[in-house]
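Values below: all heavy atoms of this structure, side chains included; hydrogens, waters and symmetry mates excluded. In this text the structure is predicted, and so the values were computed from the model without any measurement.
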2 protein chains.
Amino acid sequence: MTIEERLRSRGLRVTDIRRDVLHLLQESDRALSQADVERALPDLADRVTLFRVLHNFEEAGLVHRVIDPQGTSRYATCAPTCSADHHHDMHAHFRCTACDGVFCVTGLEQPAAVVPKGFTVHEVRIELVGRCATCG
Amino acid sequence: MTIEERLRSRGLRVTDIRRDVLHLLQESDRALSQADVERALPDLADRVTLFRVLHNFEEAGLVHRVIDPQGTSRYATCAPTCSADHHHDMHAHFRCTACDGVFCVTGLEQPAAVVPKGFTVHEVRIELVGRCATCG
DNA sequence: ATAATATTTGCAACCGTGTTGCATGAATGA
DNA sequence: TCATTCATGCAACACGGTTGCAAATATTAT
């Protein structure tokens, strides 16, 4: 599926900005912050526009968002089968302490959660912290 | 151990602000943001001072910090045996989708992590998401 | 108790991310 | 091609986080 088809399939109009940003996210092996996108594609668009584009992508289920340890949002493309509602419970994230890169990890089984009486668990989020292949 | 002893044992001087803030965190059953502390103890201190007090507590290993889904920091008292370095890998956090409260959960076993070749996992962070006992 | 020292506090000011409103320009469908 | 709907840029603001510096306070030594 081309990038344009991907955008249209989620009801988003095709524009230069959206095409370039989605392409960048697709090529990246890690989750990018808005600042990362601005650095990679300087002068492509106003920062408000970028904010809205990333926001649109997330709402449309094209990307998922993860909060990094500094509290800023990072975005990464979803698997093609992702939808906006339940794409988050399909994988965990790995964060490298050296380069601060965030990677997706699939195939992780969820541990049985033991919570106090009266608590209900709907979702288990897992973050792996360590060093990536590049940083050794 | 009294609050004052607790502060001194970590090399922190005892002041009204530190005593009140640590007491508040100790009494709370959930992790509090700086804004929460300001609301609970209005006019106790300047917001910069509060920021530094919470920062000191974390460095001293008196509290641990967790980033909530909005990307803001929340603080909760550690078990007395916690140190600044390894207090984070002793428990998971539970977040209530209704009241946004963050609670500590202990006794959770860590899942075996499957990561790509070349990756090294040093730590596994787990966040449970659901409804707390109060919110049903 | 007092003075000397080290730390804490408040203030002003700044940065980055996130966010809204509004006017303008561009993509789509008829 | 025209009308409509949506995307974009700009200005402006909210908020959390952060630093530097001078004044106030806690600790230590006299």
Side-chain angles (χ1 to χ4, degrees), chain A residues 2-24 31-60 62-76 100 102, chain B residues 2-24 31-60 62-76 100 102:
Chain A
T2 78
I3 289 195
E4 278 127 35
E5 286 169 339
R6 202 166 262 221
L7 287 168
R8 287 217 172 80
S9 73
R10 306 294 174 130
L12 295 178
R13 289 186 177 177
V14 177
T15 68
D16 288 355
I17 296 174
R18 283 184 178 157
R19 206 172 336 102
D20 290 359
V21 173
L22 186 54
H23 181 257
L24 175 67
L32 302 178
S33 66
Q34 180 176 333
D36 291 335
V37 176
E38 290 173 13
R39 244 169 274 130
L41 304 171
D43 301 325
L44 173 66
D46 188 80
R47 70 188 201 89
V48 178
T49 302
L50 279 183
F51 165 76
R52 286 197 260 235
V53 164
L54 293 169
H55 206 262
N56 291 337
F57 286 180
E58 193 202 357
E59 277 188 332
L62 281 171
V63 305
H64 56 254
R65 185 163 64 99
V66 51
I67 308 282
D68 76 9
Q70 282 76 41
T72 60
S73 296
R74 290 178 170 274
Y75 302 85
D100 266 333
V102 177
Chain B
T2 76
I3 288 195
E4 279 128 33
E5 285 168 341
R6 203 166 261 222
L7 287 168
R8 287 220 172 79
S9 74
R10 306 295 174 129
L12 295 177
R13 289 187 177 179
V14 177
T15 67
D16 288 355
I17 295 174
R18 284 185 178 156
R19 205 170 340 102
D20 290 0
V21 173
L22 187 53
H23 181 257
L24 174 68
L32 302 179
S33 67
Q34 180 177 331
D36 290 335
V37 176
E38 290 173 13
R39 245 170 271 128
L41 303 171
D43 301 325
L44 174 66
D46 188 79
R47 73 189 197 91
V48 178
T49 302
L50 241 35
F51 165 76
R52 287 198 261 235
V53 164
L54 293 169
H55 207 261
N56 290 338
F57 285 1
E58 193 202 357
E59 277 189 332
L62 281 171
V63 304
H64 54 255
R65 184 163 65 98
V66 50
I67 308 282
D68 76 11
Q70 281 76 42
T72 61
S73 297
R74 291 179 169 273
Y75 302 85
D100 266 333
V102 177

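- On a pure distance criterion of 3.5 Å, a polar donor-acceptor pair joins the side chain of A/R52 and the base of D/dG9.
- Atom CD in A/E59 sits roughly 11 Å away from atom P in C/dT19 (whole-Å rounding).
- Contact between B/R74 and B/A31 at its shortest, heavy atoms only, is NH1-O, 3.0 Å.
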Check: Between A/V37 and A/L24, does a side chain to side chain contact (heavy atoms under 4.5 Å, CB included) hold up when you go through it step by step?
Finding: CA-CA 8 Å; A/V37 176; A/L24 175 67; 4.1 Å; yes

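- One can place CZ of B/R10 at 16 Å from P of C/dT8, the figure rounded to the nearest angstrom.
- We find that CZ of B/R19 is positioned 13 Å from C1' of D/dT25, with the value rounded to whole Å.
- In this view, A/T49 satisfies the side-chain hydrogen bond (donor to acceptor under 3.5 Å, both in side chains) rule with no residue, not counting sequence neighbours.
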Next item on the list: Let me have a per-nucleotide readout for nucleotides 25-30 of chain C, 5' to 3', with B, S or -, counting only protein heavy atoms under 4.0 Å.
Entry: --BS--

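- A sub-4.0 Å separation between OP1 or OP2 of D/dA7 and a side-chain N or O of A/T49 is absent.
- Summarising the geometry, atom CG belonging to B/D36 is positioned 10.5 Å from atom CG belonging to B/L41; distances are rounded to the nearest 0.5 Å.
- The end-to-end axis angle of the helix from C/dA1-D/dT30 to C/dA30-D/dT1, rounded to 10 degrees and based on five pairs per end, is 30°.
- Of the possible donor and acceptor atoms, none in the side chain of B/Q34 sits under 3.5 Å from a partner among the backbone N and O of B/L50.
- Among the nucleotides C/dT19, D/dG20, D/dT8, the one closest to any side-chain atom of B/V48 is D/dG20.
- Atom CG in B/D43 sits roughly 11 Å away from atom P in C/dC11 (whole-Å rounding).
- Following rounding to the nearest Å, A/L44 (CG) and D/dA7 (P) show an atom-to-atom distance of 15 Å.
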Between the protein and nucleotides 14-17 of chain D, which nitrogen or oxygen pairs are less than 3.5 angstrom apart?
| unit_1 | atom_1 | unit_2 | atom_2 | d |
| --- | --- | --- | --- | --- |
| D/dG17 | OP1 | B/S73 | N | 3.1 |
| D/dG17 | OP1 | B/S73 | OG | 3.1 |
| D/dG17 | N7 | B/R47 | NH1 | 3.3 |
| D/dG17 | O6 | B/R47 | NH2 | 2.3 |

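- Not one N or O on the side chain of B/R6 forms a donor-acceptor pair closer than 3.5 Å with the backbone of B/L62.
- Evaluation of the salt bridge (Lys or Arg N to Asp or Glu O under 4.0 Å) rule for B/D43 yields no partner, not counting sequence neighbours.
- Residue B/L7 contributes atom CG, which lies 10 Å from atom P of C/dT8 at whole-angstrom precision.
- Using a 4.5 Å heavy-atom cutoff, the side chains of B/V21 and B/F57 are in contact.
- Going from atom NE2 of A/H55 over to atom P of D/dT8 covers 15 Å, rounded to whole Å.
- For the pair A/I67 CD1 and C/dT17 C1', the interatomic distance rounds to 11 Å; values are reported in whole Å.
- Counting only distance, with no hydrogens or angles, the side chain of B/R19 and the backbone of B/I3 share no donor-acceptor pair below 3.5 Å.
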Next item on the list: I would like to know whether A/V66 and A/S73 meet side chain to side chain contact (heavy atoms under 4.5 Å, CB included); could you show each step before the answer?
Entry: CA-CA 6 Å; A/V66 51; A/S73 296; over 6 Å; no

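- Listed by chain and number, the residues in a ring-ring contact (aromatic ring centres under 6.0 Å, His included) with B/H55 are B/F51 (sequence neighbours excluded).
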